[in-house]
Amino acid sequence: MPATEPYTVELTPHVHAYVQPDGGWCLNNAGFVSDGESTLLVDTAATERRARALRDALLATGAPLPRTVVNTHHHGDHTYGNGLFLPEAVVVGHESCRSELLAAGRQLDLIWPQTDFGDIRITAPAVTYDDRLTVHVGDIEVRLIHPGGVAHTTGDTVVHLPRQGIVFTGDLIFQGGTPFVPMGSLSGSLRALGVLRSLDAETVVPGHGPITDPSAYDATERYLRYVAELAEEGHAKGRTPLETAQAADLGAFAELRESERLVANLHRAYAELDGLPEGSPLDPVAVFADMAAMNGGVPVACHA
């Protein structure tokens with residue numbers, strides 16, 4: 001049977017992934033690198049309870065509490081738990097991740113007011129970078145890479161371990177789930193796949209879903225190009241994103257979790273066709289209302 005509880009996978013000596021099934025809304029992945037003396041943690045979790053479980057799982061491997069927490073982007077499912085690792089750790093992220101996180105605040109609470117997020121303190125990166133930054137955990141080299149421009153968000157970070165052939169993609173990749181680009185860029189997400197391919201990592205830890213390999217890049221590209229084609233056709237006919245999504249034949253993409261995200265992605269694609277800059281804010285009320293319409297009239301649920 002598929003796992004239903006979070007689990008830790010040793011990817012290679014000193015490197016672990018932390019997977020939260022099934023990778024749906026608010027169920028993100030994390031990971032950590034430790035040489036036994038110092039630890040770097042990649043992302044946290046959406047709730048206090050889940051962040052504490054992540055911390056316990058990390059300690060259970062014999063790794064000490066992290067000195068460094070890297071955020072792959074600002075979304076609360078990856079950052080709400082940051083504060084539980086202070087004061088021992090410093091939080092690191094792209095400079096736009098810091099500004100986006102501070103602007104968003106407790107955004108998840110507004111979207112899902114019925115969810116018990118626990119005692120969460122919004123904790124933005126205290127150390128930021130612009131293009132690339134290298135962090136060393138003992139003799140393990142950890143490269144933080146901004147994919148350039150806007151992708152899933154404006155402040156994405158790819159975490160690459162070149163000697164180990166491992167990459168933590170953040171939400172540039174959803175394995176088994178529908179990609180989600182309304183807060184970023186459709187075209188930029190396609191460009192980011194080129195950056196991921198250039199790293200030649202054999203092991204791919206997605207932002208959501210099970211651990212995978214570079215075939216996930218091709219699968220993501222196929223979906224994003226499908227959205228782009230739908231958007232061009234619907235936009236040219238004067239259809240709204242919702243009308244275009246409701247008339248679409250998802251085909252093989254219907255098997256992906258959160259298929260209602262199609263309409264959110266179309267909102268972003270339409271904005272780009274209208275000439276708006278990548279990453280321009282969309283109306284979140286309209287986007288989530290349309291996703292609810294695609295979800296049988298039921299608002300999407302946070303599973304944390």
Side-chain angles (χ1 to χ4, degrees), residues 17 19-31 42-43 72-73 75 77-78 94 145-160 165-232 241 244-245 248-272 278-279 287 291 294 300:
V19 180
Q20 297 196 92
D22 62 354
W25 290 105
C26 295
L27 294 175
N28 69 301
N29 295 335
V42 181
D43 284 336
T72 60
H73 59 293
H75 289 160
D77 52 336
H78 296 257
H94 188 265
I145 303 168
H146 181 55
V150 182
H152 177 64
T153 67
T154 66
D156 299 304
T157 290
V158 173
V159 180
H160 181 217
I166 297 168
V167 63
F168 294 85
T169 69
D171 285 0
L172 298 178
I173 299 295
F174 288 79
Q175 179 65 6
T178 302
F180 191 60
V181 300
M183 299 176 188
S185 167
L186 176 63
S187 53
S189 293
L190 284 164
R191 291 195 302 271
L193 294 174
V195 175
L196 289 172
R197 289 182 173 114
S198 74
L199 303 178
D200 291 327
E202 297 176 357
T203 301
V204 176
V205 182
H208 296 255
I211 297 161
T212 183
D213 57 44
S215 66
Y217 306 154
D218 294 338
T220 300
E221 180 172 1
R222 285 193 295 271
Y223 176 83
L224 294 176
R225 294 203 181 280
Y226 163 78
V227 173
E229 292 173 4
L230 273 183
E232 289 177 3
T244 299
D249 177 7
L250 281 169
F253 303 123
E255 299 174 4
L256 299 176
R257 292 184 308 272
E258 297 88 41
S259 61
E260 70 275 0
R261 290 178 179 169
L262 172 63
V263 72
N265 295 328
L266 285 169
H267 272 275
R268 173 53 62 193
Y270 272 48
E272 293 180 11
E278 295 177 356
V287 170
M291 281 197 290
M294 292 292 292
V300 296

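Residue numbers run from 1 in the order of the sequence given.
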inquiry  = I'd like to know if the side chain of Glu272 and the backbone of Leu186 have a donor-acceptor N/O pair within less than 3.5 Å.
reply    = yes
ask   = Shortest non-hydrogen contact from Thr220 to Pro179?
value = CG2-CG, 4.2 Å
message = Do Leu27 and Asp22 make a side-chain contact, defined as non-hydrogen atoms from C-beta onward lying under 4.5 Å apart?
response = yes
query = Any side-chain heavy atom of Glu258 within less than 4.5 Å of one from Val300?
reply = no
query = Is Tyr226 close to Asn265 at the side-chain level, that is, under 4.5 Å between some pair of heavy atoms?
reply = no
message = Donor-acceptor check, side chain of Asp77 to backbone of Asn28, threshold 3.5 angstrom: yes or no?
response = no
key: Any residue meeting side chain to side chain donor-acceptor pair (under 3.5 Å) with Asp213, in chain and number order, not counting sequence neighbours   = Ser215
query = Tell me, do Pro182 and His267 make a side-chain contact under 4.5 Å, heavy atoms counted?
reply = no
Closest heavy-atom pair and its distance - Val19, Pro21 = O-CD, 3.4 Å
ask   = Quick one: are Arg261 and Phe174 in side-chain contact, heavy atoms under 4.5 Å?
value = yes
key: His146 side, atom NE2; Thr157 side, atom OG1 - distance, nearest 0.5 Å   = 8.0 Å
request  = Please check if the side chain of His160 supplies one atom and the backbone of Phe168 the other of a donor-acceptor pair under 3.5 Å.
outcome  = no
key: Donor-acceptor contact present, side-chain Asp43 to main-chain Thr72, <3.5 Å   = yes
request  = Work out which heavy atom in Gly207 is nearest to a heavy atom in Thr169; give both atom names and the distance.
outcome  = N-OG1, 3.7 Å
Distance in Å, Ser185 OG paired with Asp156 CG, rounded so as to fall on 0.5 Å steps = 10.5 Å
request  = Check for a donor-acceptor pair, side chain of His152 on one end and backbone N or O of Gly155 on the other, with a separation under 3.5 Å.
outcome  = no
message = Going by side chain to side chain donor-acceptor pair (under 3.5 Å), name the residues that satisfy it together with Arg222, two or more places apart in sequence or in a different chain.
response = none
request  = Measure the acute angle between the ring planes of His78 and His208, then classify it against the limits of 30° and 60° as parallel, tilted or perpendicular.
outcome  = perpendicular
query = If you take all heavy atoms of Met291 and Glu260, which pair is closest and at what distance?
reply = CG-O, 3.4 Å
ask   = Are side-chain heavy atoms of Leu196 and Val204 found at a separation under 4.5 Å?
value = no
query = Which salt bridge (Lys or Arg N to Asp or Glu O under 4.0 Å) pairs, counting each pair once, include a residue from residues 166-178, with sequence neighbours left out?
reply = none
key: Val205 and Val42, any side-chain heavy atoms less than 4.5 Å apart   = no
ask   = So, for Pro206 and Asn29, which heavy atoms are closest and what is the spacing to 0.1 Å?
value = O-ND2, 2.9 Å
Exercise: identify the closest heavy-atom pair between Gln175 and Ala216 = OE1-CB, 3.6 Å
ask   = Does the Thr178 side chain pair with the main chain of Arg257, one donor and one acceptor, at a distance under 3.5 Å?
value = yes
task = Flag the pair Val227 / Val181 as yes when at least one side-chain heavy-atom distance between them is below 4.5 Å, and no otherwise.
result = no
ask   = Once the angle between the rings of Tyr223 and Phe253 is folded into 0 to 90°, is it parallel (under 30°), tilted (30 to 60°) or perpendicular (over 60°)?
value = perpendicular
remark   = When rounded to the nearest 0.5 Å, the distance separating CG of Leu172 from OG1 of Thr153 is 8.0 Å
